[in-house]
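Keep in mind the model is a prediction, meaning the values are calculated, not measured.
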Amino acid sequence: MEAVQAKLDDLMALADRADDMVDQWSIREFTASADEGRIVATTDALGSLLKLDINPLSRRRLDAVELADAILTAVVAAEEAAATSKDELMNGLRAAQRAIERRH
């Protein structure tokens, strides 16, 4: 019975830790840029586009295809940063769970 209680306590602690980690992760924003930093895309933790800043110089300097490519580069890079962060969070939670399972 003590072993079961110890595992339950560890799982509850992991759940609390997971809640804290997810709360911190969920408010993060991820930014990436293109065209020498003149185009900046910002996403939320899930990779949804929050903001896209395009410097007027980029609009004048780039033709429509180049501008579209630069925008896409910035947006995709910000989405990838968010996805990488999510993967790191999940891997950390899985590692903590495996550590509990090994102890019990």
Working to the nearest 0.5 Å, report the span between OG1 of T43 and CG of L50.
6.5 Å
Take I54 and R38 through the side-chain contact (heavy atoms from CB on, under 4.5 Å) test and state the conclusion after the steps.
CA-CA 6 Å; I54 304 170; R38 290 185 282 269; over 6 Å; no
Which side-chain N or O atoms in residues 22-34 pair as donor and acceptor under 3.5 Å with protein atoms at least two apart or in another chain?
from, atom 1, to, atom 2, distance (Å)
W25, NE1, S85, OG, 3.1
S26, OG, V22, O, 3.2
S26, OG, D23, O, 3.0
R28, NH1, S85, OG, 3.2

For residues 67-84, which side-chain donor-acceptor pairs fall under 3.5 Å, sequence neighbours excluded?
from, atom 1, to, atom 2, distance (Å)
T73, OG1, D69, O, 2.8
T84, OG1, E80, O, 2.9

On a heavy-atom basis, the closest approach of L49 and K51 is CD1-O, 3.5 Å
Among pairs that include at least one residue of residues 8-17, which meet side chain to side chain donor-acceptor pair (under 3.5 Å), considering only residues two or more places apart or in two chains?
Q5-D9, D10-R103, D10-H104
Could you tell me the separation between the CG atom of D19 and the CE atom of M21, rounded to the nearest 0.5 Å?
11.0 Å
Just so I know, are the side chains of L11 and I100 near enough to count as touching, which here means a heavy-atom distance under 4.5 Å?
yes
Linking Ile, Leu, Val, Met, Phe, Trp and Tyr by side-chain heavy atoms under 4.5 Å, what else ends up with V65?
none
For residues 89-99, tabulate all N or O donor-acceptor pairs below 3.5 Å that involve a side-chain atom, not counting sequence neighbours.
from, atom 1, to, atom 2, distance (Å)
N91, OD1, R94, NH1, 3.0
N91, ND2, D87, O, 3.2
Q97, NE2, E101, OE2, 3.2

For V40, what are the other residues in its hydrophobic cluster, where any two members join if their side-chain heavy atoms are less than 4.5 angstrom apart?
none
